[in-house]
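Below you'll find the structure, written out as structure tokens, and then a few comments.
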Amino acid sequence: MYLLEVLSGPLDGTTWPFEREITIGRDYAQADACLSLDRYVSRQHARLLIDGSSIRLTDLRSRNGTRLGGQPVVGDVPLPVGEPFVVGRTLLRVTRA
């Protein structure tokens with residue numbers, strides 16, 4: 001079990017548990033982790049997928065992009081547990097529950 005946690009932004013401190021996959025976005029109907037207060041987040045912005053013992057981060061062709069380590073996420077990239085990443089203007093990280 002993993003937790004997606006907001007580190008800064010309008011929903012600071014909010015968490016979402018997930019086991020296999022979670023979609024991050026602004027639309028409650030399309031995203032498991034809804035960042036509705038960040039207007040820079042697309043309806044379906046990014047996805048996290050647990051692949052064996054690793055986590056994969058994918059930008060879902062969002063308008064404002066996803067950033068990891070200050071660099072834009074292109075395609076499917078590995079995300080180390082605890083490593084912060086940015087969706088819209090919200091800083092997030094994944095930890096083990």
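Of all heavy-atom pairs spanning Thr23 and Gln30, the tightest one is CG2-O, 3.7 Å. Here the shortest heavy-atom pairing between Ser62 and Asp59 reads OG-OD1, 2.7 Å.
How far CZ of Arg26 is from CZ of Arg43: 7.0 Å, rounded to the nearest 0.5 Å. Summarising the geometry, atom CD belonging to Gln71 is positioned 13.5 Å from atom OG1 belonging to Thr66; distances are rounded to the nearest 0.5 Å. In this structure, Thr95 OG1 and Met1 CE are separated by 11.5 Å, a value rounded to the nearest 0.5 Å.
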Next item on the list: May I have the step-by-step check of side chain to side chain contact (heavy atoms under 4.5 Å, CB included) for Leu49 and Arg20, ending in yes or no?
Entry: CA-CA 6 Å; Leu49 176 68; Arg20 172 95 177 107; 3.7 Å; yes
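Residue pairs that meet the ring-ring contact (aromatic ring centres under 6.0 Å, His included) test with at least one member in residues 55-75, sequence neighbours left out, do not exist here. Applying the ring-ring contact (aromatic ring centres under 6.0 Å, His included) test to every pair with at least one member in residues 20-65, sequence neighbours left out, gives no pairs at all.
For the pair Asp76 and Arg56, the salt-bridge criterion is met [side-chain N within less than 4.0 Å of a carboxylate O]. Between Glu21 and Arg47 there is a salt bridge, since a side-chain N of the basic residue sits under 4.0 Å from a carboxylate O of the acidic one.
Here Val87 is tied into one hydrophobic group with Tyr2, Leu4, Val6, Leu11, Trp16, Phe18, Ile22, Ile24, Leu35, Leu37, Val41, Leu48, Ile50, Ile55, Leu57, Leu68, Val73, Val77, Leu79, Val81, Phe85, Leu92, Val94, each link being a pair of ILVMFWY side chains closer than 4.5 Å.
Inter-residue side-chain proximity for Ser42 and Leu60 is flagged as unmet; no heavy-atom pair is nearer than 4.5 Å. The side-chain heavy atoms of Thr90 and Ser8, taken from C-beta on, include no pair separated by under 4.5 Å.
Proximity of a side-chain donor or acceptor of Asn64 to a complementary backbone N or O of Gly88 within less than 3.5 Å is not detected.
Remark: the Asp51 side chain and the Ser54 side chain contain no N/O donor-acceptor pair separated by less than 3.5 Å.
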